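Remarks on the structure that follows.
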Protein chains: 2
Amino acid sequence: MAAKTYSISELARELDVTTRTIRFYEEQGMLTPTRRGQERIYTPRDRVALKLILRGKRIGFSLAECKTLIELYDPQGDNRNQLTLMLGKIAERRLQLEQQLLDIQQMQLELDTAEERCRAALQQIPEAG
Amino acid sequence: MAAKTYSISELARELDVTTRTIRFYEEQGMLTPTRRGQERIYTPRDRVALKLILRGKRIGFSLAECKTLIELYDPQGDNRNQLTLMLGKIAERRLQLEQQLLDIQQMQLELDTAEERCRAALQQIPEAG
DNA sequence: TGTAGCGTTGACGTTTACGTAAGCGTGCTG
DNA sequence: CAGCACGCTTACGTAAACGTCAACGCTACA
């Protein structure tokens with residue numbers, strides 16, 4: 001059974017990006033859809049890669065960093081060195097993610113106090129019109 | 001007692017950015033140090049603002065977004081509309097942070113399986129030299 | 001048959017976030 | 001007093017991440 005495939009505009013609609021963006025990611029070697037003639041055909045695997053990219057971007061990774069995320073996902077590891085390198089990259093990412101968690105928690109705290117200040121200030125205003 | 005102040009290079013060293021970057025943030029209206037002649041003098045408040053910017057950047061906020069973070073921190077709220085607007089912005093940020101938490105958790109899971117695959121593959125390799 | 005929708009390939013434009021270099025003043029210090 | 005560290009402004013350069021045409025090909029369909 002042939003797995004489902006997607007057109008570029010299907011993917012674009014579903015994941016809320018432009019087709020230009022998808023083609024750009026391909027230019028950068030982050031996606032490698034097959035072709036039917038000229039037309040790009042995307043597999044579920046391509047779709048996953050694209051989602052990885054977008055998720056990475058949401059937490060501020062550069063496209064280059066997203067690319068390594070895809071490499072982590074792809075089972076390309078064949079020799080010992082590659083694999084050890086890969087484990088290193090993974091550990092690096094973990095550290096980065098943990099820093100981001102701290103940053104987010106810190107920001108949430110700051111939003112708490114900001115909101116408190118706002119509400120307090122609103123209390124001070126009798127009943128503005 | 002006058003609070004501590006900082007020179008631009010002190011801040012740069014401590015927070016690991018270039019002086020160029022600090023001046024750039026000022027150009028963008030995100031920092032407003034006082035002057036002693038030409039020289040910029042930074043207060044602890046400026047330092048906090050800078051830290052907010054850097055933290056924001058680490059989790060992928062644009063400088064424009066970081067600027068609103070600073071506004072949230074600054075008690076500039078004086079009239080009712082401003083304050084209500086501010087509360088809206090705060091709520092927005094919260095949603096964004098929660099999405100980022102989800103993204104990070106998801107990535108951590110993916111790193112888990114990536115690491116597992118790596119280790120499994122390493123087991124397969126007898127004892128490469 | 002034309003026109004609307006989907007796809008393609010260039011190629012140039014734009015915004016963001018700084019880097020880099022030139023040229024200058026200030027203040028210590030060997 | 002030469003040189004170095006530190007600071008300033010002005011201004012051009014640049015990499016990343018797309019946006020925005022232009023010009024074209026297929027297919028369906030009213």
Side-chain angles (χ1 to χ4, degrees), chain A residues 4-43 46-47 49-71 93 96 99-100 103, chain B residues 4-43 46-47 49-71 93 96 99-100 103:
Chain A
K4 183 170 178 9
T5 63
Y6 309 82
S7 76
I8 194 169
S9 56
E10 269 177 327
L11 272 190
R13 259 190 305 277
E14 183 193 344
L15 301 183
D16 196 32
V17 290
T18 67
T19 59
R20 173 69 179 94
T21 297
I22 295 180
R23 290 195 199 96
F24 177 73
Y25 292 160
E26 180 178 349
E27 270 180 58
Q28 304 306 303
M30 315 175 71
L31 298 175
T32 48
T34 59
R35 300 283 181 133
R36 177 167 52 209
Q38 289 273 71
E39 194 179 350
R40 290 166 173 85
I41 308 294
Y42 297 88
T43 66
D46 295 319
R47 183 167 161 280
L50 183 47
K51 289 180 90 171
L52 274 178
I53 297 173
L54 299 177
R55 186 182 301 133
K57 286 208 60 190
R58 277 198 301 274
I59 54 179
F61 288 171
S62 71
L63 290 191
E65 288 171 316
C66 291
K67 199 168 170 182
T68 81
L69 287 177
I70 293 177
E71 288 162 16
R93 291 290 151 205
Q96 198 168 352
Q99 175 62 56
Q100 293 188 322
D103 285 330
Chain B
K4 182 169 179 14
T5 63
Y6 308 83
S7 76
I8 193 168
S9 55
E10 270 178 327
L11 273 189
R13 260 191 304 276
E14 184 193 345
L15 302 182
D16 195 31
V17 289
T18 67
T19 59
R20 172 69 179 95
T21 297
I22 296 180
R23 290 193 200 98
F24 176 74
Y25 292 160
E26 180 178 350
E27 271 181 57
Q28 305 304 305
M30 315 175 70
L31 297 174
T32 49
T34 58
R35 300 282 181 135
R36 177 167 53 209
Q38 288 271 71
E39 196 178 348
R40 291 167 172 84
I41 307 294
Y42 297 89
T43 66
D46 293 319
R47 183 168 161 280
L50 184 47
K51 288 180 91 170
L52 273 178
I53 297 172
L54 300 177
R55 187 182 300 134
K57 286 205 59 187
R58 276 198 301 272
I59 54 179
F61 287 169
S62 71
L63 290 190
E65 288 171 315
C66 291
K67 199 168 170 182
T68 80
L69 286 177
I70 294 177
E71 288 162 16
R93 289 291 149 205
Q96 198 169 351
Q99 174 63 56
Q100 293 188 321
D103 285 329

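Because the structure is predicted, anything quoted here is derived from the model rather than measured. Naming convention: chains lettered A, B, ... in sequence-line order (proteins, then strands); numbering from 1 in each chain.
Taking all atoms of both residues into account, the shortest heavy-atom contact from I8(A) to I22(A) is O-CD1, 3.7 Å. Of all heavy-atom pairs spanning P33(A) and E26(A), the tightest one is CG-OE1, 3.5 Å. Across all their heavy atoms, G60(A) and E65(A) have their closest contact at O-OE1, 4.3 Å. Contact detail for S7(A) and Y42(A): the closest heavy-atom pair is C-CD1, 4.0 Å.
The separation between I8(B) atom CD1 and dC18(C) atom P is 14 Å, rounded to whole Å. In this structure, E39(B) atom CD and dA5(D) atom C1' are separated by 12 Å, rounded to whole Å. The distance between atom CG of L11(A) and atom C1' of dC6(C), rounded to the nearest whole Å, is 15 Å. Rounded to whole Å, the distance from CD on Q38(A) to C1' on dT27(D) is 16 Å. Rounded to whole Å, atom P of dC26(D) lies 15 Å from atom CZ of R36(A).
Note on R40(B): a side-chain N or O is less than 4.0 Å away from OP1 or OP2 of dC8(D). Regarding contacts with the backbone of dG7(D), a side-chain N or O of S7(B) is found under 4.0 angstrom from either OP1 or OP2.
R55(A) CZ to I53(A) CD1: the interatomic distance, rounded to the nearest 0.5 Å, is 11.5 Å. A distance of 5.0 Å separates CZ of R93(B) from CG of L69(B), quoted to the nearest 0.5 Å. The distance from the CG atom of L63(A) to the OG1 atom of T68(A) is 11.5 Å, given to the nearest 0.5 Å. Summarising the geometry, atom CG belonging to L31(A) is positioned 13.0 Å from atom CZ belonging to R47(A); distances are rounded to the nearest 0.5 Å.
Other residues, nucleotides and ligands place no more than 12 heavy atoms under 6.0 Å from the CZ atom of R36(A).
Of the residues in residues 13-28 of chain A, those with a non-hydrogen atom less than 4.0 angstrom from any atom of DNA chain D are T18(A), R20(A), T21(A), F24(A), Y25(A). Taking a 4.0 Å limit (strictly below) on heavy-atom distances, residues 51-69 of chain A reaches DNA chain D at K57(A), S62(A), L63(A).
Nearest to the side-chain atoms of R35(B) among the listed nucleotides dG7(D), dG7(C), dC8(D) stands dC8(D).
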